[in-house]
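Model, not experiment: these values are computed from the prediction. Within every chain, numbering begins at 1; the chains are lettered A, B, ... in the order of the sequence lines, protein sequences first and strands thereafter. Side chains included, hydrogens not; waters and symmetry mates left out as well; all remaining heavy atoms used.
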Amino acid sequence: MVLKIYNTQARRKEVFIPLEKGKVKIYVCGVTPYDLSHVGHARSYVAFDVIRRVFEYLGYKVTYVQNFTDVDDKIIARAKKEGIDPLALSQRYIGEYFKDMDALGVKRADSYPCVSEKIPEIIHMVAALIEKGVAYEVDGDVYLDVSKKKDYGKLSAQPIEELKAGARIRLDEKKRSPLDFALWKKAKPDEISWPSPWGEGRPGWHIECSVMSMELLGSTLDIHGGGQDLIFPHHENEIAQSESYSGRPFVRYWLHNGLVTVEGQKMSKSLGNFITIRELLTRHDPHALRFFLLSAHYRHPLDFSERALEDANKGLKRIQTTIFNIKNAMTYASNKGDDSFRGKINSAKKDFLQALCDDFNIPGAIATLFTFTREINAYVAENPGKADLEDALEILRELTGVLGLSFKEEAPELVKGLIEEIIQIRVGFREKKDYEASDNIRERLLSLGISIEDRRQGTVWRFIVSSESQL
RNA sequence: GCCGAGGUGUCAGAGUGGCCUAUGUAUCCGGCUGCAGACCGGAUUACGGGAGUUCAAAUCUCCCCCUCGGCUCCA
């Protein structure tokens, strides 16, 4: 199946062709770890997690790199306020970041480089850029001379003249042009710094991504991802540095996820309208949050609301119930098979993949899953064949797995046995038509988080999904 | 000001010319059930406004209105 990807630079969907057959090299911009991550961060990393899983499912060997910007103004400011070492602060929040991402089911990257570990490599690249005549030093600061990069602005489609005229570019008398940006910043007193040919200082913001991605993935990446807010200037500047350095195209496909909004406004620290992942997980199932984050196309804005999250949770429960229904139906399934149902299994898989191959249309793929669950639930109520059920379960597991959703709810044998015993007692009451007693048992169990359902084929039970935080 | 993305039914959210006008959620009706729940079936409610192209437009063209994002740290 042909995979098409929307490339920000081309501003249209393109057929994906990797640099090396069967391999995909992905670099995604990571966080600046100075505080807990919010829903906006979660969205980006969940989206790229699924993108990565889709590549893996399609048989690609994926190498996935994500950085941590552990040297930065905000980290320095925060560490100063708390009276601790900036790198200790960032290490702490890197730990918190992993807790959140693990809860959300985000697979670990192959490598998580930090700025503080790559200083010699960064200095090497800055020096090389000066040597090539595309960067210049002024009193301990080093800037990239944007005028030397003829196609500057190609990613963000910004006409350079307009950028210069823009009222928001910060004035800095040391720069030759307002568009030039810092590769190396001279240290201020009492700031974390490293020795360099230009004196004590630290790296500028953009240079780290160029150094790390090229070191770990090579001078041309297949995929470079990040939030839409990074297109300009961050990614534009990465291109300028990297291509000036290597002389080769830096990135084949640029992918940018849409931003999370709250009542239509971008969720951000500075606006103060952010909700941390941590806080949300005290009230919601992490799977529900993940499912919600996947409910809109990754390139479109996603408006956060409790209602939307609840709706997503209800949809997710449908899939959980279907898996439960299949397992339950195994106990009374026959040995027959149903060709029409097998056809539905096959088309479910085909439709699901087709949606994902169209620029990772995850909401479209989820819609095919719901159609599939409806078909399964209808089949389960008929006279299902065991082999059909097994296949349906396997495919459903496989497809939800591509979205990073898992449905494990096995109880210990002892607990299972006890609940079965109680259900047998209740069955006795029902046979005697003592509904007061049987309803009472049902309510008592429900209050313990165990739901009882009387079906045509007998009484079934399950745990109702816990909304307890997993942290 | 410049650049970009959007406006779809109660809400969320796919769909970029016709085919079966997704899907979830909501509400209502029906089936199953002692009841409840889950599930199944059905119904309800759409394409920001206007004009145009076409046998045919949510989808293409033009004009207008509105929202959001980038141009400053940002996923």
Side-chain angles (χ1 to χ4, degrees), chain A residues 8 11 28-32 34 37-48 66 69 72-74 153 156-159 161-170 179 205 225-234 236 256-261 264-271 274 291-292 295-297 299-303 305 307-322 324-325 328 351 355 358 361-371 373-382 430 433-435 438-439 442-443 446 451-456 460 462 464:
Chain A
T8 305
R11 274 181 279 169
V28 175
C29 284
V31 293
T32 301
Y34 71 102
S37 298
H38 60 62
V39 179
H41 301 116
R43 192 209 184 169
S44 186
Y45 302 118
V46 166
F48 284 105
Q66 188 180 315
T69 305
D72 163 272
D73 287 345
K74 281 178 296 229
S156 52
Q158 300 268 358
E161 290 310 310
E162 288 298 335
L163 287 174
K164 283 183 185 163
R168 303 174 75 179
I169 299 244
R170 189 189 295 154
L179 287 178
W205 174 36
Q228 273 169 359
D229 49 356
L230 297 181
I231 295 172
F232 192 91
H234 185 51
E236 195 67 62
H256 291 97
N257 63 273
L259 303 177
V260 174
T261 57
Q265 296 273 310
K266 174 185 173 181
M267 180 180 287
S268 75
K269 289 272 181 187
S270 45
L271 283 169
F274 64 94
F291 199 63
F292 163 72
S295 69
H297 188 98
R299 280 193 286 116
H300 293 178
L302 173 66
D303 199 60
S305 71
R307 158 109 197 246
L309 187 49
E310 281 302 329
D311 284 358
N313 188 225
K314 285 172 188 162
L316 186 64
K317 280 186 176 164
R318 249 178 176 291
I319 300 172
Q320 281 168 332
T321 298
T322 303
F324 174 75
N325 287 346
N328 185 50
D351 295 347
D358 181 16
N361 186 351
I362 296 165
I366 289 173
T368 70
L369 282 184
F370 281 124
T371 301
T373 57
R374 209 184 327 110
E375 289 162 351
I376 292 172
N377 287 327
Y379 183 62
V380 155
E382 292 167 11
R430 293 188 73 223
K433 298 211 188 308
D434 185 350
Y435 294 123
S438 71
D439 287 357
R442 186 169 63 194
E443 278 164 35
L446 188 64
S451 139
I452 298 275
E453 296 172 27
D454 299 313
R455 300 193 182 180
R456 208 182 310 174
V460 296
R462 59 176 159 162
I464 51 177

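Residue A:N257 places no side-chain N or O under 4.0 Å from the OP1 or OP2 atom of B:rA75. Between A:R318 and B:rU25, a side-chain N or O to OP1/OP2 separation shorter than 4.0 Å is present. Within the structure, every side-chain polar atom (N or O) of A:Q158 is placed at least 4.0 Å from both OP1 and OP2 of B:rC2. For the pair A:R442 and B:rG37, the criterion of a side-chain N or O lying under 4.0 Å from OP1 or OP2 is not met. Contact check, A:H234 against B:rA75: no side-chain N or O comes under 4.0 Å of OP1 or OP2. Using a 4.0 Å cut-off, no side-chain N or O of A:N325 falls inside it from OP1 or OP2 of B:rA38. Residue A:K314 has a polar side-chain atom (N or O) positioned under 4.0 Å from OP1 or OP2 of B:rA26.
Taking the P atom of each, B:rG9 and B:rA58 are spaced 14 Å apart, rounded to whole Å.
The base of B:rG34 sits with one of its N or O atoms less than 3.5 Å from a complementary donor or acceptor on the side chain of A:D439. For B:rC73, its base never sits under 3.5 Å from the side chain of A:D72 at any donor and acceptor pair.
To the nearest 0.5 Å, atoms CD1 (A:I231) and CD (A:Q228) are separated by 5.5 Å. Here NE2 of A:H256 is found 6.5 Å from CG of A:L230. Values are rounded to the nearest 0.5 Å. For the atom pair CG of A:D229 and CG of A:L259, the computed distance is 5.0 Å after rounding to the nearest 0.5 Å.
For the pair A:A308 and A:S451, nearest-nucleotide mapping onto RNA chain B gives the more 5' position to A:A308. In terms of position along RNA chain B, the nucleotide closest to A:D303 lies nearer the 5' end than the nucleotide closest to the other residue of the pair A:T322 and A:D303.
The side chain of A:V260 has B:rA75 as its nearest neighbour among B:rC71, B:rA75, B:rA38. The A:D229 side chain lies nearest to B:rG70 when the options are B:rG4, B:rG70, B:rG34. For A:R455, the listed nucleotide lying nearest its side chain is B:rA38; candidates were B:rA38, B:rG69, B:rU23. The side chain of A:R374 lies closest to B:rG24 when the candidates are B:rA36, B:rG24, B:rC73.
The backbone N or O of A:L309 lies less than 3.5 Å from no partner atom in the side chain of A:N313, so there is not a single donor-acceptor pair.
Residue contacts for A:E310: at a heavy-atom cut-off of 4.0 Å it reaches no nucleic acid atom on any strand shown. Nucleic acid contact for A:Q228: none, since no nucleic acid atom lies under 4.0 Å from a heavy atom of the residue. A:R307 comes within 4.0 angstrom of a nucleotide base, judged by non-hydrogen atoms across all strands. Among the atoms of the strands shown, only primed sugar atoms or phosphate atoms (P, OP1, OP2) are found under 4.0 Å from some heavy atom of A:R11. Residue contacts shown for A:H297 are limited to sugar-phosphate atoms, with no base heavy atom under 4.0 Å away.
The side chain to side chain donor-acceptor pair (under 3.5 Å) check on A:R430 picks up A:D454, with sequence neighbours excluded.
A:F370 and A:F291 have perpendicular rings, their planes meeting at more than 60° on a 0 to 90° scale where under 30° would count as parallel.
Checked options A:R462, A:R442, A:E443; the residue passing with A:I452 is A:R442 (criterion: side chain to side chain contact (heavy atoms under 4.5 Å, CB included)).
Using modelled atom types and a 3.5 Å distance limit, the side chains of A:T8 and A:R299 yield no donor-acceptor pair.
Ring-base stacking between A:Y435 and B:rG34 is satisfied, the centre separation being under 5.5 Å and the plane angle under 30°.
Taking a pair as Watson-Crick or G-U wobble with both distances under 3.5 Å, RNA chain B forms stems of 3 or more consecutive pairs at B:1-7 with B:65-71, B:26-31 with B:39-44, B:48-52 with B:60-64.
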